[in-house]
Every structure is written in structure tokens, then in C-alpha cells.
Protein chains: 2
Amino acid sequence: MSITIKDIAELAGVSYSTVSKALNNSPLVKPNTKAKIIRIAKEQGYEPNFAARRLVQKQSHTIGLVWPTVERVALSTLVTKIKEEIEKHGYSMILSINSASTAIEMFKRFQIDAVIVFEETKQKMDASVFANLPIISYGTALNNEIPFVDVNYRQAMLLGVKYLVDLGHKRISFVGDFSPVDQRQIEKYEGFLEAFEKYNLPVTPHTIVNTGGLDWYDGYHATKRLVETDSTLPTAVIGSSYDISAGIIRALREKDLIIPKDISVIGYDNIPQMANLETPLTSIGPPIDVIAKEIVTTVFMLMDEKDSVPTIQTIHPELKERASCAIAKST
Amino acid sequence: MSITIKDIAELAGVSYSTVSKALNNSPLVKPNTKAKIIRIAKEQGYEPNFAARRLVQKQSHTIGLVWPTVERVALSTLVTKIKEEIEKHGYSMILSINSASTAIEMFKRFQIDAVIVFEETKQKMDASVFANLPIISYGTALNNEIPFVDVNYRQAMLLGVKYLVDLGHKRISFVGDFSPVDQRQIEKYEGFLEAFEKYNLPVTPHTIVNTGGLDWYDGYHATKRLVETDSTLPTAVIGSSYDISAGIIRALREKDLIIPKDISVIGYDNIPQMANLETPLTSIGPPIDVIAKEIVTTVFMLMDEKDSVPTIQTIHPELKERASCAIAKST
DNA sequence: CTTATAAATAACAACGTTGTTTAATTATAA
DNA sequence: TTATAATTAAACAACGTTGTTATTTATAAG
């Protein structure tokens with residue numbers, strides 16, 4: 001049996017309501033008694049029962065994050081950032097790796113104040129599951145009722161292509177996976193094509209390189225194939241993700257192509273790790289802290305007043321210059 | 001204001017205690033009334049208040065997992081497995097990426113029934129933090145009071161070396177990171193040396209290859225260095241982790257060395273992903289499900305009766321044959 | 001010295017459940 | 001019928017807090 005405010009009340013010779021006030025640092029109790037009560041509480045190793053507290057105050061000051069695909073590293077940086085952001089608001093974050101609906105059920109048991117969902121695939125979820133619960137999704141729109149924080153992938157590609165064009169590049173390749181399951185990858189691909197059209201760039205058989213996967217070696221193999229053809233090489237390459245870009249760099253280096261002297265490279269995913277690659281990579285996409293901040297801000301807005309939040313919120317990408325791009329050699 | 005059993009009682013024309021019993025499927029209420037109450041509850045979208053329930057029943061049927069280093073993929077498979085194992089016991093799992101002591105504080109607020117800690121570095125934690133809380137650690141001993149599930153890395157290396165020796169190999173290399181911070185890596189290294197001595201194998205400058213890091217490219221570079229020397233190549237290589245082994249395979253393939261015809265490879269980390277590498281890799285270490293099961297079993301033992309659990313529990317490794325080892329060519 | 005006023009504490013009613021006790025109803029046997 | 005047992009439902013006391021209201025005690029004003 002753990003110790004309660006009643007036990008402390010007894011020991012201090014006051015009523016338990018006084019103990020409650022003292023421990024909550026209420027001005028309604030005399031400094032003397034307050035000090036004494038706090039002392040006794042500490043001595044006795046008192047730990048508040050949060051179930052009881054939550055029964056009367058409705059909030060838990062905790063936000064739940066649903067993250068069923070822990071195996072995907074890409075998001076882990078974002079998760080960490082979101083946690084930090086949440087803590088700035090004086091809240092805690094808790095994680096579940098269950099599917100969205102199971103996770104939400106569990107979070108409700110813990111009287112979580114709001115939920116953030118990272119889910120790769122669109123879920124059919126009964127509206128009753130998230131009724132009266134501030135909830136937001138990132139990555140995939142779960143449902144048209146649930147506010148959704150999105151990234152403008154097309155604009156990111158436009159940004160990247162424009163940057164390269166401004167440096168004088170014309171032969172640009174896109175190395176990415178555009179398997180039909182992942183909407184985000186497709187948007188990157190389409191964004192690239194859009195930009196290509198906009199800048200009137202020449203499409204060749206090597207403009208688009210399909211990796212067929214999202215791992216580093218998928219990018220590696222694809223790039224290997226690209227650079228081993230006899231035709232003229234591109235002067236710049238855009239990789240569709242952090243991992244793929246790592247593979248690209250590896251393959252280029254093996255061919256003794258020097259970045260950015262011989263070839264320029266841009267990678268999608270604006271994360272700090274980009275700087276740690278063999279060549280620090282110029283990257284596109286919203287900086288990870290911007291995404292984190294946006295998500296967290298939206299959640300808190302949602303908790304304040306449900307109606308003020310737009311259903312879709314789009315984050316705009318930025319370009320972060322590092323050391324992997326140079327002016328195109330005049331060919 | 002959400003709906004409570006009292007509201008349902010009113011609607012059903014019974015007392016709230018009857019509603020409670022009906023919803024808990026107690027035999028003390030007539031099937032008729034029970035059905036009616038359940039129907040009304042469903043109609044009204046009743047959701048139990050778990051804070052209230054927990055106030056009277058002390059258990060939450062949830063286990064917390066502290067996992068401060070989400071960025072490390074290696075463990076994510078294990079985390080997923082542990083979750084499944086916990087669910088087999090009818091419990092839920094919840095995650096925190098905070099440091100151990102912060103996470104435990106939060107878990108206590110949620111009346112978590114037990115805690116599992118994955119922590120890379122030894123923590124100094126006040127005993128009061130985990131007093132009266134079933135807690136267990138994996139990976140690193142947190143504290144001599146907290147039961148600790150360990151892996152016998154030395155034995156794993158012995159197993160691997162023995163297996164290769166039995167296949168006739170004599171020139172075996174160990175590719176791994178033994179930076180002084182990670183105790184586990186060091187034990188693998190020492191285990192390898194121990195085995196080498198036991199089987200009287202010849203130590204050469206290439207017996208031990210230090211990667212200086214745990215990423216795939218660390219293994220890749222190290223192996224590259226190894227195979228590009230002029231001296232006689234080893235006939236077998238042991239990689240100290242999944243990622244490093246992936247790098248080893250890549251480097252060997254690039255040198256047109258065929259696995260296992262030209263060279264045999266064993267990787268530490270007995271995870272299913274080993275089968276998906278370019279060459280399915282024979283691996284050593286406790287199978288991930290065995291580790292998960294051991295951890296979860298220990299936690300439940302701990303919840304039952306605290307004293308029955310030994311402070312250190314060692315899991316023994318196994319060798320999983322796949323396609324990466326062959327009989328040594330007679331040189 | 002009252003008496004009004006402020007400060008400090010005590011008392012008590014929530015919060016939404018569960019589990020135990022008590023009461024009311026119904027069925028069964030004498 | 002009536003006493004008795006079995007079934008069903010109601011009543012009530014927890015669980016450990018917080019917040020509101022009531023009471024006591026100290027302080028100041030007249």
C-alpha cells in the first residue's frame with residue numbers, strides 16, 4: 001500500500017485537504033504548515049496517485065503519438081524533435097507502435113489529451129474511435145475529418161530543379177522509388193517531371209531512374225546502372241530520400257566521380273544527418289524542426305478550439321545548401 | 001461531458017451498480033436486463049473512464065518500454081517482437097523515448113504495471129524512482145538492484161568460430177567496432193579472441209578489423225581495406241552486427257568474391273532480416289524472438305513475485321545456418 | 001472589549017468506477 | 001398458504017484526489 005495524502009495529514013496533524021493544498025503550493029495555507037507538510041511528504045516518499053487526480057481534473061498533459069512502423073528510420077528524427085517540441089509546451093509524449101485504432105483505444109484509457117498519427121497506409125477507422133479527441137495525422141490523410149499535416153513535395157522538387165538550373169545544369173536525373181503504394185514518393189516524382197517541363201529540360205532515357213525500393217542499396221544499384229551506361233552522364237542528380245541519396249553518393253564515388261566537381265547531387269529530406277554523409281549533401285524539403293513545430297502547434301490549436309484548424313495544412317520546403325552542388329561545366 | 005454509467009442507469013431504469021455489473025458481464029444480473037443495458041450503452045457510445053476504474057482496481061494491464069535511442073534501428077525489430085509477446089499475455093505496451101528516469105516518472109502517472117528499460121549508457125538513478133515498480137533492463141545493467149537480461153556475446157563468438165573451424169576454416173577475420181563505450185561490442189571482440197585462442201588459430205594483422213563505427217559503410221570500408229591488401233585473404237569473416245555484415249557483403253561482392261564459394265561470412269544478430277541480404281547470411285546470436293520472450297517472461301515473473309527473479313539472466317546464442325558458409329577450400 | 005475582517009484550516013461533496021452488503025423480489029419446497 | 005432458499009437488484013462504501021464551502025482562529029478597527 002502506498003502512502004496517500006491522508007497518511008500525511010495524520011502525521012502532520014492537519015486535514016487531508018490542507019495537505020492537498022500544501023502540496024499544490026496553494027497560497028491558502030500558511031508557509032509554516034506548508035513547509036512542514038512538504039517535509040513529511042518527502043520523508044514518507046509520497047507519490048501522488050494520478051488516476052485519482054485525473055478523475056477530478058480532466059487533463060493528463062500528455063500527447064500520444066501513434067507510430068506503427070518503427071522500423072523506418074527516416075521518421076525517428078522527426079519523432080525525437082516532436083517530443084522536444086511537446087515538452088516545450090510542458091506536456092509529455094508517449095508512443096504506441098500499434099495500429100492507429102488500437103493505439104487510440106489505449107491512449108484513451110490513459111486519458112491522453114491529444115493524438116498524433118504517423119501512418120503509412122490509409123486506414124478505415126470508425127469515427128467513434130476518435131470522437132471528442134483532438135487528433136491529427138502526418139504523412140497520409142487518414143480520413144477527411146481528421147486534420148492532416150502535409151508536405152508540398154512538388155514544390156520541393158521544383159525548388160531543387162530550379163536551383164540546379166540556376167547553376168547552369170540541364171542534364172538532371174531523378175533517382176527515386178515510385179512504386180504505386182506510397183503517395184509521397186509519387187508526388188516527388190511528379191513534381192520533378194513538372195519542374196522539368198517548366199524549365200524546358202531535355203528528357204532522356206536517363207532522366208528518371210527507378211530504384212524499386214527505399215533502402216540505400218536501392219539507390220546505390222540504380223545509380224551504378226546509371227553511371228555505367230555509355231551515354232552522356234547527367235551533370236546533376238536528385239535523390240528522393242536520405243537513404244537513397246547515401247547510395248547515390250557511394251555509387252558515384254566508386255566511379256571516381258567527384259562531387260560536386262564532376263557531378264552535383266541534391267537529396268530530399270532536410271535532416272541534419274545529410275551533413276554527415278561522405279559529402280555533405282545539399283538537400284530539399286522542410287527542415288525537420290519546421291515539420292515538428294508545425295505538427296505540434298497544430299495539435300495544441302486543436303486542443304484549444306477544434307474548429308480553428310484547417311483540414312489540410314501544407315508545409316513548404318526549403319533548400320539547404322551544403323557542399324554537393326557546383327556550377328555546371330560548359331559542355 | 002462524456003456519458004457515464006449513471007446516465008445509462010437512468011435510461012435503463014436501473015441503479016448504476018447494476019449497470020457496472022452488466023457491463024462487466026457479471027452473472028449477478030439477469031440476462032434480459034444485461035442485454036438491455038449493453039444495448040443502451042452501445043447506443044449512447046458509452047466509454048468507460050479508466051482513471052476511475054484504475055482508482056479502485058490497481059492494475060492498468062500495460063507495460064512501459066523505455067527506449068531513448070529510437071534512431072538505432074537494430075532494436076526496433078526487438079521492440080516489435082516484445083510488443084507482440086506482451087499482447088499474448090493480454091497486456092498492452094506503451095513506449096517512451098525519454099531518458100529512463102523521466103520515462104519512469106511518466107509511466108508511474110499512468111499506473112503502468114511494469115517497466116522494461118533499453119538504455120545504452122549506465123544511468124545513475126535514484127532508487128526512489130523505481131521503488132515498488134517491477135522493472136527490468138536489457139542491454140546494459142542499469143543498477144545492481146534491477147534485474148538485467150543479458151546476452152552471452154562471448155559464447156556467440158565461440159559458436160561462430162567453432163562452426164567455421166568445423167568447416168575447415170583457419171584464416172578467420174573479425175570485422176567489428178570495439179570502441180570502448182559500448183560494452184557489448186567489446187564482449188564480442190573479446191569472445192572472438194578467446195575462441196581464436198581455444199582453437200589455436202593463427203593471428204595475423206588481418207585477424208581483427210576495426211570498423212570504427214556501427215553503420216553499414218563502416219563495415220564496407222573496413223572490408224574493402226581488408227580485401228585490397230596483398231596478403232593472403234581470410235577464408236571466412238565474422239561481422240559483428242547486422243549493419244556491418246551488410247557492408248561486408250557489399251565489399252566482397254564488389255571484389256567479385258563469391259559467397260560462400262570464395263569466402264564464408266557469418267554475421268552477428270540473429271534477426272530475420274539476415275535472410276534478405278544479397279546473400280542470405282548465416283548468423284549467430286539469440287534469435288530475436290527468444291530475447292523478446294525471455295524479457296517478457298521475466299517481467300511477468302517480476303510482477304508475480306519480486307524475489308523469484310535473478311539479478312542477471314543470460315540468454316544463450318544460437319547459430320542459424322543460411323547460405324553464406326561453405327567448407328574451406330584446401331589451400 | 002467588543003465586533004468586523006482577514007487568514008488559516010477543516011469539512012465535505014464531487015469525479016466514475018468496482019466490490020461488498022443489504023434489501024427486495026421471485027421461485028421452490030414443506 | 002407460508003416458510004425458506006435462490007435469484008436479482010439496489011444501496012453504499014471505498015479508491016485518492018481537487019475544489020468549494022463552512023468553520024475556527026488571529027488581527028485590526030472602533
Side-chain angles (χ1 to χ4, degrees), chain A residues 1-42 44-62 105 108-113 132-133, chain B residues 1-42 44-62 105 108-113 132-133:
Chain A
M1 231 19 274
S2 56
I3 196 152
T4 75
I5 49 171
K6 289 187 185 172
D7 302 322
I8 297 175
E10 183 125 358
L11 287 167
V14 297
S15 79
Y16 64 86
S17 55
T18 306
V19 174
S20 170
K21 287 172 190 55
L23 294 177
N24 287 300
N25 199 22
S26 158
L28 295 169
V29 28
K30 192 158 68 173
N32 264 345
T33 14
K34 196 187 284 187
K36 181 182 172 194
I37 290 172
I38 291 174
R39 203 200 66 231
I40 295 179
K42 194 162 279 174
Q44 299 295 316
Y46 167 75
E47 297 201 347
N49 179 319
F50 288 85
R53 178 179 295 173
R54 216 164 305 137
L55 195 56
V56 20
Q57 316 175 135
K58 299 302 181 182
Q59 297 202 332
S60 67
H61 280 258
T62 306
E105 288 296 346
K108 281 202 276 195
R109 285 195 263 139
F110 291 115
Q111 321 273 119
I112 244 57
D113 294 337
N132 304 324
L133 183 69
Chain B
M1 231 16 275
S2 58
I3 193 153
T4 74
I5 51 171
K6 290 187 183 170
D7 302 321
I8 296 175
E10 185 124 359
L11 288 166
V14 296
S15 79
Y16 64 87
S17 54
T18 306
V19 173
S20 169
K21 285 171 191 58
L23 294 176
N24 287 300
N25 198 22
S26 158
L28 294 168
V29 31
K30 195 157 66 171
N32 265 346
T33 13
K34 196 188 282 185
K36 182 182 171 192
I37 291 171
I38 290 174
R39 204 201 64 231
I40 296 179
K42 195 162 280 174
Q44 299 296 316
Y46 167 74
E47 297 199 348
N49 179 318
F50 288 84
R53 178 178 293 174
R54 217 163 304 137
L55 194 55
V56 22
Q57 318 174 136
K58 298 303 181 184
Q59 296 202 333
S60 67
H61 280 259
T62 307
E105 289 296 345
K108 282 203 273 195
R109 284 195 262 140
F110 291 114
Q111 322 271 123
I112 246 55
D113 294 337
N132 303 324
L133 184 68

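Nucleic acid contact for A:Tyr16: base, since at least one base atom lies under 4.0 Å from a heavy atom of the residue.
Within 6.0 Å of the CD atom in B:Gln59, the count of heavy atoms belonging to other residues, nucleotides or ligands exceeds 12. More than 12 heavy atoms of other shown residues, nucleotides or ligands fall within 6.0 angstrom of atom CG in B:Asn24.
Residues B:Asn49 and A:Gln111 meet the side-chain proximity criterion, which asks for heavy atoms closer than 4.5 Å.
Proximity of a side-chain donor or acceptor of A:Arg53 to a complementary backbone N or O of B:Arg109 within less than 3.5 Å is not detected.
Here A:Thr18 reaches the OP1 or OP2 of C:dA10: one of its side-chain N or O atoms lies under 4.0 Å away. A:Lys58 has a side-chain polar atom (N or O) that falls below the 4.0 Å cut-off from OP1 or OP2 of C:dG16. Considering only side-chain N and O atoms, A:Asn24 lies under 4.0 angstrom from the phosphate OP1 or OP2 of D:dT18. Between B:Thr33 and the phosphate of D:dA9, there is a side-chain N or O to OP1/OP2 separation shorter than 4.0 Å. Proximity of B:Ser15 to the phosphate of D:dA10: a side-chain N or O atom is located under 4.0 Å from OP1 or OP2.
When rounded to the nearest whole Å, the span between CG of A:Leu28 and P of C:dA11 equals 17 Å. Atom CG of A:Asn32 is separated from atom C1' of D:dT25 by 15 Å (rounded to the nearest Å). In this entry the distance linking NZ of A:Lys34 with C1' of C:dT9 reads 14 Å, nearest Å. Straight-line distance from the CD1 atom of B:Ile3 to the P atom of C:dT17: 10 Å, rounded to whole Å. One atom, NZ of A:Lys30, and another, C1' of C:dA8, lie 7 Å apart when rounded to the nearest Å. One interatomic measurement links the two molecules: CZ of A:Arg53 to C1' of C:dG16, which rounds to 18 Å at whole-angstrom precision. Residue B:Ile8 contributes atom CD1, which lies 17 Å from atom C1' of D:dA10 at whole-angstrom precision. Rounded to a whole Å, the CG atom of A:Leu55 is 12 Å from the P atom of C:dT18.
Ranking D:dG16, C:dT18, C:dT17 by closeness to the B:Asn49 side chain, first place goes to C:dT17. Which of C:dT18, D:dT17, D:dA9 sits closest to the side chain of B:Ser20 comes down to C:dT18. Closest approach to the A:Thr4 side chain among D:dG16, C:dG16, C:dA10 is made by D:dG16 (side chain taken as heavy atoms from C-beta onward). For A:Ala52, whose side chain is taken as the heavy atoms from C-beta onward, the closest listed nucleotide among D:dT8, D:dG16, C:dT18 is D:dG16.
Looking at which nucleotide of DNA chain D each of A:Lys6 and A:Lys21 is closest to, the 5′-most match is held by A:Lys6. For the pair A:Pro27 and A:Ser17, both in contact range of DNA chain C, the more 5′-proximal nearest nucleotide belongs to A:Pro27.
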Discussion item. Side chain to side chain contact (heavy atoms under 4.5 Å, CB included) for A:Tyr46 and A:Ile38? Distances and angles first, verdict last.
Written reply: CA-CA 10 Å; A:Tyr46 167 75; A:Ile38 291 174; over 6 Å; no
